[in-house]
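Data first, discussion second: the structure below is written as structure tokens.
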Amino acid sequence: MDYTKAQLIDALVAEWEYLCHDDFDPDEDQTPEEYREDLIEMTIEQLVEETGTDPEFYSLNQYMEYWG
């Protein structure tokens, strides 16, 4: 894996912003800043898991090409 923790966090936040853009509920959803703060506390392994990628169907490289 050739991605830094910062790159993974930026990609996850970009995906979060996209997912919440039209459907944000302030009572249930974290803001992008709050989500970023939670991600900062995670290890690289936890961040990779958070991407929901799978080497067989949707690789981390594909995820990073799209969101990173």
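Computed from a predicted model, the values in this text were never measured in an experiment.
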To the closest 0.5 Å, what do you measure between [atom1] ([X]) and [atom2] ([Y])?
{"X": "Asp29", "Y": "Leu19", "atom1": "CG", "atom2": "CG", "answer": "9.5 Å"}
{"X": "Tyr3", "Y": "Tyr63", "atom1": "OH", "atom2": "OH", "answer": "11.5 Å"}
{"X": "Met64", "Y": "Asp2", "atom1": "CE", "atom2": "CG", "answer": "10.5 Å"}

Is there a donor-acceptor contact under 3.5 Å from the side chain of [X] to the main chain of [Y]?
{"X": "Lys5", "Y": "Leu47", "result": "no"}
{"X": "Gln7", "Y": "Thr4", "result": "yes"}
{"X": "Glu17", "Y": "Ala14", "result": "no"}
{"X": "Glu34", "Y": "Thr31", "result": "yes"}
{"X": "Trp16", "Y": "Gln30", "result": "yes"}

Problem - pair Ile9-Met42: side-chain heavy atoms closer than 4.5 Å - result: no
Handout entry: Side chain proximity check, Leu60 to Leu8, heavy atoms < 4.5 angstrom
Key = yes
Handout entry: Least distance between heavy atoms, Ser59 atom then Thr53 atom
Key = O-CG2, 3.7 Å
Practice task
In sequence, state the C-alpha distance, the side-chain angles, and the governing distance for Glu50 and Tyr35, and then conclude on side-chain hydrogen bond (donor to acceptor under 3.5 Å, both in side chains).
Solution key: CA-CA 12 Å; Glu50 186 77 10; Tyr35 186 54; 2.9 Å; yes
Practice task
Determine whether more than 12 heavy atoms belonging to other residues, nucleotides or ligands lie under 6.0 Å from atom OH of Tyr58.
Solution key: yes
